[in-house]
Amino acid sequence: GKKKKMDKRISYKIVLDTETCPIDKDLDGVFPSNMWVYDCGWAIVDKRGEVYRTRSFVNADIFLEEKELMNSAYYANKIPMYWEDIKQGKRILTSFYKIRQALLEDIAEFGVTEIFAHNMRFDYGTLTTTQRWLTKSKYRYFFPKEIEICDTLKMARDVIAKMPTYKRFCEENGYIGKNHQVSCKAEVLYRFISKDFDFVESHTGLEDVMIEKEILAYCYRQHKPMRKKLWEN
């Protein structure tokens, strides 16, 4: 990805996204414990959403070794596109171990203390599941334990979901879920932020990160109190 010079005064953050296939495809519902990560992308950003480095990895341990599962993945039709991107050098096909090493290197190089995802509970869970499966539980966690695990979904619920303009936007466009809550899906939030009302999420790791970092930046810009840590209530 692109590279800029590192500045010690900036608080660098990582925004990350995973794409997954179900281990047992007969299980109803989407459980992180039933998901393996085949695509992992992230960007190093600051709170304005400025991008300092991007990473896009395809996990060979699943993408190659679990062909049958990949073919049953919801995004099986994307497999040819992944091969094309790998050929062109847009994505790197490598082992899960090497993907994690790259993350640790980026954390060290940029002094990252926080990692964000939209609905981090899912990504945290799928990365943990994949890590435990591939290392036979020798290594139990994907993220280093000193890293703060954060969720842009929490931020959006505390900031964007409370804005009258957003509530109106959701009502007018039918983005109201059960129990009359406004939708906080990344795609919907991004449509509101970007005013691109036909925007469709690409469901590939790095591309979705580029939306999620805009949600992060938008929330920071509002200067409202908000929760961001995954584990805080």
- When every non-hydrogen atom of Cys170 is compared with those of Val188, the smallest separation belongs to SG-CG1, 4.4 Å

- Message: One thing to verify: whether Glu84 and Lys87 come together as a salt bridge, which I'm taking to mean a side-chain N less than 4.0 angstrom from a carboxylate O.
- Response: yes

- Query: Given the rule in the ring pair (Phe, Tyr, Trp, His ring centres under 6.0 Å) test, do Trp36 and Phe96 qualify, once you have shown the distances and angles that lead to the verdict?
  - Reply: CA-CA 11 Å; Trp36 280 336; Phe96 197 60; over 10 Å; no

- Is there a chain of hydrophobic side chains (I, L, V, M, F, W, Y, each step under 4.5 Å between heavy atoms) that links Met81 to Leu64? yes

- With Asp158 as partner, the option from Lys228, Lys224, Arg227, Gln222 fulfilling side chain to side chain donor-acceptor pair (under 3.5 Å) is Arg227

- Of all heavy-atom pairs linking Ala156 and Ile215, the shortest is CB-CG2, 4.3 Å

- Note on the structure: So OH of Tyr124 and OG1 of Thr129: to nearest 0.5 Å the spacing works out to 10.5 Å

- Work out which heavy atom in Glu19 is nearest to a heavy atom in Asp17; give both atom names and the distance. OE2-OD2, 3.0 Å

- Please assess Phe197 against Phe169 for the test ring pair (Phe, Tyr, Trp, His ring centres under 6.0 Å), listing each intermediate value before the final yes or no. CA-CA 10 Å; Phe197 301 136; Phe169 168 77; 5.7 Å; yes

- Think Lys195 forms a cation-pi with Phe192, using NZ or CZ under 6.0 Å from the six-ring centre and within 45 degrees of its axis? yes

- Would you call Glu201 and Ile211 a side-chain contact if the rule is heavy atoms closer than 4.5 Å? yes

- Query: With a 4.5 Å heavy-atom cut-off, do Phe143 and Ile107 have their side chains touching?
  - Reply: no

- Message: Measuring centre to centre across the rings, with the benzene-like ring taken for any Trp, is Phe116 within less than 6.0 Å of Trp42?
- Response: no

- Message: Rounded to the nearest 0.5 Å, what separates atom CD1 in Ile160 from atom CE in Met155?
- Response: 8.5 Å

- Euclidean distance, Glu109 CD relative to Leu104 CG, rounded to 0.5 Å: 13.0 Å

- Message: Any donor-acceptor pair under 3.5 Å linking the side-chain atoms of Ser202 with those of Thr204?
- Response: yes

- Query: Any salt bridge between Glu207 and Arg91, counting N to O under 4.0 Å?
  - Reply: yes

- Item | Short side-chain to backbone donor-acceptor contact, Asn34 and Asp24, under 3.5 Å | yes

- Query: In terms of hydrophobic clusters joined by side-chain contacts under 4.5 Å, are Leu93 and Ile62 together?
  - Reply: yes

- Message: Is it the case that the ring center of Tyr166 lies less than 6.0 angstrom away from the ring center of Tyr175?
- Response: no

- Task: Provide the closest heavy-atom pair for Glu212 versus Val15 in the form atom of the first, atom of the second, distance.
- Result: CB-CG1, 3.9 Å

- Which heavy atom of Ser33 sits nearest a heavy atom of Ile23, and at what distance? O-CD1, 3.9 Å

- Query: Hey, are Arg191 and Glu187 close enough for a salt bridge, meaning a charged N less than 4.0 Å from a carboxylate O?
  - Reply: yes

- Answer yes when Asp46 and Lys13 have at least one side-chain N-carboxylate O distance shorter than 4.0 Å, and no when they do not. no

- To the nearest 0.5 angstrom, please state how far the CE atom of Met120 sits from the CD1 atom of Ile115. 6.0 Å

- Message: By the side chain to side chain donor-acceptor pair (under 3.5 Å) test, which pairs, at least two apart or in different chains, include something from residues 93-102?
- Response: none

- Task: Please step through side chain to side chain donor-acceptor pair (under 3.5 Å) for the pair Thr135 and Arg132, ending with a clear verdict.
- Result: CA-CA 5 Å; Thr135 69; Arg132 289 179 186 182; over 6 Å; no

- Got a sec: does the NZ of Lys185 have more than 12 other heavy atoms crowding it under 6.0 Å? no

- Atom pair NZ (Lys47) and NZ (Lys213), whose distance is rounded to the nearest 0.5 Å: 15.5 Å

- Message: Listing request: all side chain to side chain donor-acceptor pair (under 3.5 Å) pairs with a residue in residues 145-157, at least two apart in sequence or in separate chains.
- Response: His118-Thr152

- Starting at OG1 of Thr18, measure out to CZ of Phe122 and round the result to the nearest 0.5 Å. 5.5 Å

- Kindly write out the residues that satisfy ring-ring contact (aromatic ring centres under 6.0 Å, His included) with Tyr190, not counting sequence neighbours, or none if the list is empty. Phe199

- Minimum heavy-atom separation for Tyr141 to Gln131, with atom names? O-NE2, 3.3 Å

- Task: Answer yes if Val37 and Tyr82 sit in the same cluster of Ile, Leu, Val, Met, Phe, Trp and Tyr residues linked by side chain heavy atoms under 4.5 Å apart, and no otherwise.
- Result: yes

